[in-house]
Protein chains: 2
Amino acid sequence: MNTGAGSSAQEPHRDIPEATVARLPVYLRALTSLADRNIASCSSEELAAAAGVNSAKLRKDLSYLGSYGTRGVGYDVDYLSYQIAREIGVTHDWPVIIVGIGNLGQALANFSGFSSRGFRTVALLDAAPQMQGRSVAGLEVRPFADLAEIVAAEQVSIGVISVPAPAAQDVADAMVEAGISSILNFAPAVLNVPAGVDVRKVDLSIELQILAYHESRKAAEAEETVDNDSEEGITA
Amino acid sequence: MNTGAGSSAQEPHRDIPEATVARLPVYLRALTSLADRNIASCSSEELAAAAGVNSAKLRKDLSYLGSYGTRGVGYDVDYLSYQIAREIGVTHDWPVIIVGIGNLGQALANFSGFSSRGFRTVALLDAAPQMQGRSVAGLEVRPFADLAEIVAAEQVSIGVISVPAPAAQDVADAMVEAGISSILNFAPAVLNVPAGVDVRKVDLSIELQILAYHESRKAAEAEETVDNDSEEGITA
DNA sequence: CCGAGTTTGTTCTCGCAGTCACAAAGTCCG
DNA sequence: CGGACTTTGTGACTGCGAGAACAAACTCGG
């Protein structure tokens, strides 16, 4: 009865809401943590607590994937982990390249969370001559000009940009040109990419500014409540 | 006529939607970029393009702050910049401490975007003895035990956590205990904090996994469209 | 001084996301 | 073997956010 877009065979889900997609990795991490503690099964309440969300929301999110729980019992940790990993698509490793091996790029290259969660850094690229050939996190830094060649050879579809803002758009253009269709951008710049290419942005100073806004309001409120007293007596 | 919560003198705004708050820093950056190019005024259309959003959304967002534009003309770049900065609360610098001076912590300490956008890193803390006294980004790494003392002395209300996941909750607890009320968390762990404390989370592997999900779907769709052809002929 | 043109600020509508509450479905004990 | 209990999965409701469209307000040229 849907918009007749074929293949209604064994995938009753499809079209998982974006908000849910963003939480699935959180659930996956919580499940991994439970598995590490040798917990074989858990209720939605427990898993929700471990993931830091509401249990109803968790159940609804999981229901988009299918019915992988058992009523009256809960979820099997390993089984659910696999199902989520399969849905996200991290049952096999994704090759990733990092462009811009400054402080942040080096930190990312060394970040174990990438390799342990379905991603494998296959190349580090930097345009600066003095970076060439240096070894970072066990990988040799290669010239930016090699981008297309590496992407083609390693079948890379995900790229990380950690260059200064002015260079970000050029790097993005080159990535798209080379065939990359998903970009994680750490540069504080707006990227223009053609349709079909996904960009996610991580912006450190924006996060801090959002905190600052709330902090300002907290301070203003605190001041307001003291306002009645009009304390100005530092004359003692 | 609002819910009579005092002080209806010269602040007609208050209660800015969270989604808008998250975009204000983006607008601020776009404005800064325009100012750097000596552009004194701009329309909502231009600013929206620079910030990568819809112009209607931009105008709506700005309207929460007040009427700082001129109909028929547009916005004065400097004036609007100041108003946004004032609303966010970054007209003066916020002192920030960073706990966990590993690869990521060092990258954050060296990140110029912090200092140039309303934040000043006042201390770097790490629990590891071998880190003590080392100089990173012009600051000496101090023992984690000094946390409370530093927070009190420098009036710090914002803390950054860049320690491994297992230590994150302990660090958060200590921060809250010391009086910090806003936390930017880079550790892949769920933090439990009391009400009144804001936590924002930046999780690198989650961002990648979200990209992977979309990438999987792209691959699946591509396969689907080729399915009709059933190309298996690599026999040549 | 006035009208045409431009751009903001706001209203309205639609869709997505979060939460509550409950029926369905399974387990476990007597 | 049956009933009480537990927990999932889902339907209904509410509220926020995005976008389109329009009225208000300002500028500028004659």
Side-chain angles (χ1 to χ4, degrees), chain A residues 1-3 12-27 30-31 34 39-77 79-81 83-84 87 210 213-214, chain B residues 1-3 11-24 26-27 30-31 34 39-77 79-81 83-84 87 210 213-214:
Chain A
M1 314 310 177
N2 286 336
T3 52
H13 28 105
R14 285 292 169 101
D15 257 24
I16 296 178
E18 196 53 37
T20 296
V21 171
R23 281 187 295 265
L24 289 179
V26 180
Y27 303 152
L31 285 167
L34 291 177
I39 298 172
S41 127
C42 67
S43 69
S44 65
E45 204 72 48
E46 295 170 289
L47 183 55
V53 302
N54 183 298
S55 70
K57 182 155 50 173
L58 170 85
R59 287 200 298 277
K60 197 170 203 176
D61 284 343
L62 294 185
S63 76
Y64 289 116
L65 313 188
S67 286
Y68 296 130
T70 309
R71 298 180 192 220
V73 178
Y75 300 93
D76 181 88
V77 171
Y79 182 56
L80 185 57
S81 289
Q83 293 299 340
I84 294 179
E87 190 67 40
I210 294 171
Y213 169 80
H214 292 296
Chain B
M1 309 301 185
N2 284 336
T3 53
E11 271 108 319
H13 28 103
R14 286 290 167 107
D15 256 26
I16 297 179
E18 196 53 37
T20 296
V21 171
R23 281 187 294 266
L24 289 180
V26 180
Y27 303 152
L31 285 167
L34 290 177
I39 298 172
S41 121
C42 66
S43 69
S44 65
E45 204 72 47
E46 295 169 290
L47 183 54
V53 301
N54 183 299
S55 70
K57 182 155 49 174
L58 171 87
R59 288 199 300 276
K60 199 176 199 177
D61 284 341
L62 294 184
S63 76
Y64 289 116
L65 313 188
S67 286
Y68 296 131
T70 308
R71 299 179 192 220
V73 178
Y75 300 94
D76 181 87
V77 171
Y79 183 57
L80 185 56
S81 289
Q83 293 300 340
I84 293 179
E87 190 67 40
I210 295 171
Y213 169 81
H214 293 296

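A note on names: the letters A, B, ... follow the listed sequences, proteins ahead of strands, and every chain is numbered from 1. What you are looking at is a predicted structure, and each value in this text was computed from that prediction instead of being measured.
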Do you know which two heavy atoms are closest between B/Ile16 and B/Tyr64, and how far apart they sit? CG1-CB, 4.3 Å

Among all residues two or more places apart in sequence or in another chain, which pass the side-chain hydrogen bond (donor to acceptor under 3.5 Å, both in side chains) test with B/Ser81? none

Can you tell me how far apart CG (B/Leu31) and CG (B/Leu24) are? Round to the nearest 0.5 Å. 10.5 Å

What is the nucleic acid contact for B/Glu45, judged by heavy atoms within less than 4.0 Å: base, sugar-phosphate only, or nothing? nothing

Starting at the 5' end of DNA chain C, which residue's closest nucleotide do you reach first, B/Thr70 or A/Thr20? B/Thr70

Could you go through residues 70-77 of chain A and list every donor-acceptor pair under 3.5 Å that involves a side-chain atom there, pairing it with any protein atom two or more places apart or in another chain?
unit_1, atom_1, unit_2, atom_2, d
A/Asp76, OD2, A/Asp78, N, 3.3
A/Asp76, OD2, A/Tyr79, N, 2.9

Derivation and outcome, side-chain contact (heavy atoms from CB on, under 4.5 Å), residues B/Val53 and B/Asp61: CA-CA 11 Å; B/Val53 301; B/Asp61 284 341; over 6 Å; no

Taking only residues two or more places apart in sequence, or in another chain, which ones meet B/Ala22 in a side chain to side chain contact (heavy atoms under 4.5 Å, CB included)? A/Ile210

Partner set under side-chain hydrogen bond (donor to acceptor under 3.5 Å, both in side chains) for A/Ser44, not counting sequence neighbours: A/Arg59

The first and last nucleotides of DNA chain D lying within contact of chain A, meaning any atom under 4.0 Å from one of its heavy atoms, run from D/dT6 to D/dA12

Could you say whether A/Ala19 or A/Arg59 is positioned toward the 5' end of DNA chain C, judged by the nucleotide with the nearest heavy atom to each? A/Ala19

Chain B on DNA chain C: first and last contacting nucleotide, 5' to 3', under 4.0 Å to a heavy atom? C/dT6 to C/dC12

Go through it in stages, so that I can follow the logic: the residues are A/Tyr27 and A/Leu58, the test is side-chain contact (heavy atoms from CB on, under 4.5 Å), and I'd like the CA-CA distance, side-chain angles, deciding distance and then a yes or no. CA-CA 8 Å; A/Tyr27 303 152; A/Leu58 170 85; 3.5 Å; yes

